[in-house]
Trainee: 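First the structure, which I've put down as structure tokens, then a few questions once you've had a look.
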Amino acid sequence: MTQFRKLANPAPLGLSAFALTTFVLSLHNGAMGQPFGTPPAIVLGLAFFYGGLCQLLAGMWEFAQNNTFGATAFSSYGGFWMSYAVIITPGFNVLPALEDAGGTAKSHALGIFLLGWAIMTFIFFLANLRTNLGLCLLFAFLDITFILLCAGDWTSTHNVTKAGGYFGLFTALIAWYIAASDLINHNNSVFSLPNPSLARRNALPVHIEDGKTENGD
């Protein structure tokens, strides 16, 4: 029989990569620590390599763990950060091309981009209703963040974009908490962090990767 090496849990890496990159960009969007409208160049390195590459790798390792949901979520948001980095990198000429188009081309294009991610995030939220409180809160706050940022770009309303930054900040903190709850436990620390389960009582465990119970229903 072929023996396969057991992999460590990649979720804390994916969550931490998402959290830190979201935290930095949300501070920028919320104009916290710098004037509104400052170029978001500081997030480029994180978006390409930590939120992007590391989160994508976490998604690939989730595939090896047979966790379809984790693989889809981490890989998707890794792709989000990489694509966002491309948009704001001057060498790719994305934003200058939209600005040259004039009118509302830039604001509407960014709004459409964010709207797509809001829809995807809502799907992830629905797929987490029977998992745990942390994940449900994470995807709920993230979806609100995308909706606010979408509306802020579409309407060019700075205060709405700032509100998206504030919600994004809370989203990052929730992601860090979930990562910490996976890393900090009684095996390696003197305490553990609670993350209440939302699974139905007296129900068979649900595999979130395929939505089936252990008896196949």
Trainee: Are the side chains of Tyr177 and Pro194 in contact, using a 4.5 Å heavy-atom criterion?
Mentor: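 Result yes, sub-4.5 Å side-chain heavy-atom pair found.
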Trainee: Check the orientation of Phe170 and Phe141. Use parallel for under 30°, tilted for 30 to 60°, and perpendicular for over 60°.
Mentor: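 Judged by the thresholds at 30° and 60°, the geometry between Phe170 and Phe141 is tilted.
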Trainee: Would you indicate whether the side-chain heavy atoms of Phe18 and Leu142 approach each other to under 4.5 Å?
Mentor: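 In contact.
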Trainee: Check the hydrophobic clustering (I, L, V, M, F, W, Y; side-chain heavy atoms under 4.5 Å; chains of links allowed) and say if Leu129 and Ile178 are grouped together.
Mentor: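 Yes, Leu129 connects to Ile178 through the hydrophobic network.
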Trainee: Which value, rounded to the nearest 0.5 Å, describes the distance between Thr171 atom OG1 and Asp143 atom CG?
Mentor: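 Interatomic distance, Thr171 OG1 to Asp143 CG, rounded to 0.5 Å: 9.5 Å.
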Trainee: Compare every heavy atom of Asn185 with every heavy atom of Ser192, then report the nearest pair and how far apart it is.
Mentor: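 Answer, listing the atom of Ser192 first, then Asn185: CB-CA, 3.9 Å.
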Trainee: Under 3.5 Å, is there a donor-acceptor pair linking the side chains of Tyr50 and Ser16?
Mentor: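 No, Ser16 and Tyr50 have no side-chain donor paired with an acceptor closer than 3.5 Å.
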Trainee: Evaluate the ring planes of Phe113 and Trp117, with Trp represented by its six-membered ring, and classify them as parallel (under 30°), tilted (30 to 60°) or perpendicular (over 60°).
Mentor: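 Phe113 and Trp117: perpendicular rings.
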Trainee: Write down the atom of Thr161, the atom of Gly152, and the distance for their closest heavy-atom approach.
Mentor: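 Between these two residues, the closest heavy atoms are OG1-CA, 3.4 Å.
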Trainee: Could you give the distance from CD1 (Ile144) to OG1 (Thr121), rounded to the nearest 0.5 Å?
Mentor: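 Between Ile144 CD1 and Thr121 OG1, I get 11.5 Å after rounding to 0.5 Å.
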Trainee: Linking I/L/V/M/F/W/Y whenever their side-chain heavy atoms sit closer than 4.5 Å, directly or via other members, would Leu115 and Trp81 fall into one cluster?
Mentor: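 Result: no, two separate clusters.
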Trainee: So, taking the atom named CD1 in Ile42 and the one named CG in Leu27, what distance separates them when rounded to the nearest 0.5 Å?
Mentor: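 Spacing of CD1 (Ile42) from CG (Leu27) equals 11.0 Å.
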Trainee: Of the non-hydrogen atoms in Thr72 and Met120, which two are nearest, and what is the gap between them?
Mentor: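 Minimum heavy-atom contact is CG2-CE, 4.5 Å.
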Trainee: Pick from Phe74, Phe146, Tyr77: which one makes a ring pair (Phe, Tyr, Trp, His ring centres under 6.0 Å) with Phe124?
Mentor: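 Among Phe74, Phe146, Tyr77, the one that satisfies the ring pair (Phe, Tyr, Trp, His ring centres under 6.0 Å) with Phe124 is Tyr77.
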Trainee: Please round to the nearest 0.5 Å and tell me the distance separating atom CG of Leu110 and atom CD1 of Ile112.
Mentor: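 The CG atom of Leu110 sits 9.5 Å away from the CD1 atom of Ile112.
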Trainee: Looking at OG1 of Thr89 and CG of Asn93, how far apart are the two atoms once the value is rounded to the nearest 0.5 Å?
Mentor: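 Reported to 0.5 Å precision, the distance equals 11.5 Å.
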Trainee: Hey, what's the ring geometry for Phe69 with Phe139, parallel, tilted or perpendicular (30° and 60° as the breaks)?
Mentor: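 Perpendicular.
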Trainee: Between CG of Leu15 and CD1 of Ile174, what distance do you get to the nearest 0.5 Å?
Mentor: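 So the CG of Leu15 and the CD1 of Ile174 are separated by 11.5 Å.
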Trainee: Decide if atom CZ of Phe48 counts as having more than 12 heavy atoms of other residues, nucleotides or ligands within a radius under 6.0 Å.
Mentor: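 Result for CZ/Phe48: enclosed.
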Trainee: Is Val43 reachable from Met32 through a run of hydrophobic residues whose side-chain heavy atoms are each under 4.5 Å from the next?
Mentor: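 Both belong to a single hydrophobic cluster.
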Trainee: Is the ring pair Phe23/Trp176 parallel, tilted or perpendicular, if the boundaries are 30 and 60 degrees?
Mentor: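 Aromatic pair Phe23/Trp176 classed tilted.
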Trainee: Using only atom types and a distance under 3.5 Å, with no angle test, would you say the side chain of Ser83 pairs donor to acceptor with the backbone of Phe80?
Mentor: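 The answer is yes, because a donor-acceptor pair under 3.5 Å joins these two groups.
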